[in-house]
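Start at 1 with the first residue, then count along the sequence.
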Amino acid sequence: MQGKQDKEGDPCRRQRPQHLLQSSRIDNAFLWLIVFIVLLAPYYRGLYFRFERLPFFLIICGIGIAIAIFWIRLRKSFPLPLRLTIPFALFVILYGCNIPFSADHGLAYQEFTNWAMYCLFLLLVASLKPRPLKVIFLLFGANTVVLAVLSLLQGFGWLPEGLYLFTMSLRAMFIGGRIYSTFQYPNTASAYFGMGYLALLGVLLDEEKEWLRGLTVSLAFLAFSGNFFTYSRGGILALGVTILVLLFALPHVLRVRLLFGMLATVLPFFILLPFLERSLRTLQPLPFFGMLFAGSITSLALQGLFAPLELRVQRWPARKFLFTLTLFLSAVICLFVFAIRFGLAGSEAARLLDVGLRSRNVWERLVFYRDGLKIFLQRPLTGWGGGGWEALYPSFRSFPYISRTTHNLYLQLLIEGGIIGLFLFGSLLFFLFRELLGAFRKRTGAQMGVLFGILFLSFLHGFVDFNFSLGAYQLAIWFFAGCASWSFQEKEHPRVKVTFPAHPIVFVVAFSLLFAFASLSYTAEWRQALSEYLLQNEDEESLDEAILALEQAVRLEPWNPAGYYALSKALRKKVNYRPLRAIHARAVAAGEQALSLSPWNPLILEHVGVLHAEVEDFESAVPLLKRAIKADPLRLNPYLNLARVCAFAGRYFLGRGEKEKALFFLQEGIQLEKALQEAEQRSIEPPKWDTTEIQNLVREMQRLAEQLGS
């Protein structure tokens, strides 16, 4: 008895529940901080540019370090989802190992740090395990509504582009009659709004309070409106397919709720669509927002009117419901197509059916895919490293297009990580969706179904666009993936190990290293931005300050060719003020260093070739300019520079009496005419370039070569 009393009276045992309570509260505080970061990220241009993305990475690293240190004090381990951690970690390691062999070391390093951050972010969210999903869904959906409304306000001129929100200028949110939001492109905005719409439907499925259901259905109407007014065929199609999958996958009661929740938001919108489009096209904000508000109220009223019918349909047999649903959806699709074809649904909506091969957006993407497969086949096993498409596509493109991405996540991964990279990423998605479906079948709750829908929509849309190039989009996806892992970590079979404990010190080290590297990259990026600002001033003092800033940037990021390239150009400009050989030699050295880090970059190849030509090193200049043409055969400037260099070299060596050298360079220049013809034949769209100067130079070189031959 005494021993038992001693155990019960042990102060350590009495304090343990208090420690657990404190841990839960702090975990919740960290979770809401992460939610805030996820909701804030889109306002910074979707974190499309590295300069906006890196501060968010630093904040997330700080949160991760703080959580890990706190857990070290509590002697608590990180419960990591085994089947997500292993493929994602191996995927990140592959990107890291590819850096020395990549097409562009700077882009490869950048993508490696991106994926490392998303991996750690997923594991961080997965380890917290609180479950306020309903509130998170509501906040996320409401945030997408705010973004849509801000975009529409800018479209009507009520929100100036110079307005700053959270220190970031809100510009280009509405272009050409389409919502772009802060995501740079309407397709990404559409997918993001679709995720918000699904999140709001998730609240609607799982909420019993009438006032909250009314608020949610009104917000869902606005979120769907934002999704539609992007006029993104891929985004709207992906949302439709996702809802269709949920309608057939959810339990009977939930699928009925989903159907009537969708009808309450979609029917009023399509009834008002012709009037909304007319007001949007003629820039009449008051009628537009009046009808938008009326549609939101109508959705609220329909949700109440559908309640008795919803209860009645819930009593139907599942087969009867699915058969009726199939007929109903078929009729709705036919009516929608009919309405668009005959101009009843609004003139702008007609672009949604323009999906044939004659549509430029469609055939352009098919060309991107074909060119991307050509790049992949050059190195199929491990790929070209991060940024492989951006570094190499100019030498493979079939016409003079500009695209930093392939518009297909999986082809992008195939180019960057090869078959191994795509297999690892596919394994990650396989285990994520398999475990999520398993948890969904056991609980049959709305939250698991909506999480499945959000993730399904986002990865499905990755087949037709490049949403994963934006940090804000990825933060949202991996956050929801982390939320999904809360459920399937609680496995019912003790023999099957789905989680493993990781010591917090591992996270301290990982986040600290990433924090250090992100700090270096951010500082270097800031130095480069400063140099660009200084170079706008046409004076030697500003130029010297810009050179100093760039020298600091390359010391911070010695693996980034962009810094060396910018430094080389600035030093070349310095020669105009002080024509010294030493300064020019520094420019050449910086350019060659950039070239060693990005050997297929046509701009760097051309720049270094011209630098050699300026000091009469034609033997080095001509091969570099020829490589620049090969790296981008549909760009005119390398041809022009090569023609100028060859003509000048021919005249130069003729003046010195070195006829053999003169003839060699003249013949190199004469071959440009054939190279231009081959490039024009290669392009499926005629290049828009003026070759008059090149043709004049070629004729001059032909005349000089004939004189030498005679």
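- Between Phe468 and Tyr473, the distance separating the two ring centers is shorter than 6.0 angstrom.
- Counting only heavy atoms from C-beta outward, the side chains of Phe425 and Leu409 approach each other to under 4.5 Å.
- With a 4.5 Å cut-off on side-chain heavy atoms, Gln184 and Phe49 count as touching.
- Phe479 is listed as a side-chain neighbour of Leu31, based on a closest heavy-atom distance under 4.5 Å.
- With 3.5 Å as the limit, one finds a donor-acceptor pair spanning the side chains of Tyr43 and Asn143.
- Without hydrogens or angle criteria, Ser296 side chain to Leu292 main chain gives no donor-acceptor distance under 3.5 Å.
- Counting heavy atoms from C-beta on, the side chains of Leu159 and Phe174 never come closer than 4.5 Å.
- Residues Arg257 and Asp206 are not paired through a salt bridge, judged by the lack of any N-O separation under 4.0 Å between the basic side chain and the carboxylate.
- Side-chain N or O atoms of Arg255 include one that pairs as donor or acceptor with a backbone N or O of Phe248 at under 3.5 Å.
- Side-chain contact between Thr324 and Trp316 is present, with at least one heavy-atom pair separated by less than 4.5 Å.
- Atom CZ in Phe88 sits 7.0 Å away from atom CZ in Phe91 (nearest 0.5 Å).
- The shortest distance between side-chain heavy atoms of Ser169 and Glu161 does not fall below 4.5 Å.
- Checked options Asp465, Leu414, Ile415; the residue passing with Thr406 is Ile415 (criterion: side chain to side chain contact (heavy atoms under 4.5 Å, CB included)).
- Within the model, atoms OG of Ser232 and CD1 of Ile179 stand 11.5 Å from one another, a figure rounded to the nearest 0.5 Å.
- In this structure a side-chain-to-backbone donor-acceptor pair under 3.5 Å is missing from Glu52 to Leu47.
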Apply side chain to side chain contact (heavy atoms under 4.5 Å, CB included) to the pair Met291 and Ser279, showing each step before the final yes or no. CA-CA 10 Å; Met291 284 184 287; Ser279 301; 3.3 Å; yes
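- In this structure, His407 and Phe466 have perpendicular ring planes: the angle between them is above 60°, well past the 30° mark.
- None of Asn227, Thr242, Leu239 except one satisfies the side chain to side chain contact (heavy atoms under 4.5 Å, CB included) rule with Tyr197; the exception is Leu239.
- Relative to the six-membered ring of Tyr44, Arg53 misses at least one condition, a distance below 6.0 Å or an angle of at most 45° to the axis.
- Taking the centre of each ring, Phe288 and Phe229 come in below the 6.0 Å mark.
- Contact of the Leu222 side chain with the Ser218 side chain is not registered, since no non-hydrogen atoms from C-beta on lie closer than 4.5 Å.
- Taking CZ of Arg83 as the start and OG1 of Thr85 as the end, the distance is 12.0 Å to the nearest 0.5 Å.
- For the atom pair OG1 (Thr216) and CG (Leu212), the distance works out to 4.5 Å, reported to the nearest 0.5 Å.
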Evaluate side-chain hydrogen bond (donor to acceptor under 3.5 Å, both in side chains) for Gln474 paired with Trp478, printing each intermediate quantity in order. CA-CA 6 Å; Gln474 289 231 53; Trp478 298 119; 2.7 Å; yes
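- Note: Leu123 CG to Leu128 CG = 11.0 Å, rounded to the nearest 0.5 Å.
- You'll find the side chain of Pro42 reaches within 4.5 Å of the side chain of Tyr192, heavy atoms only.
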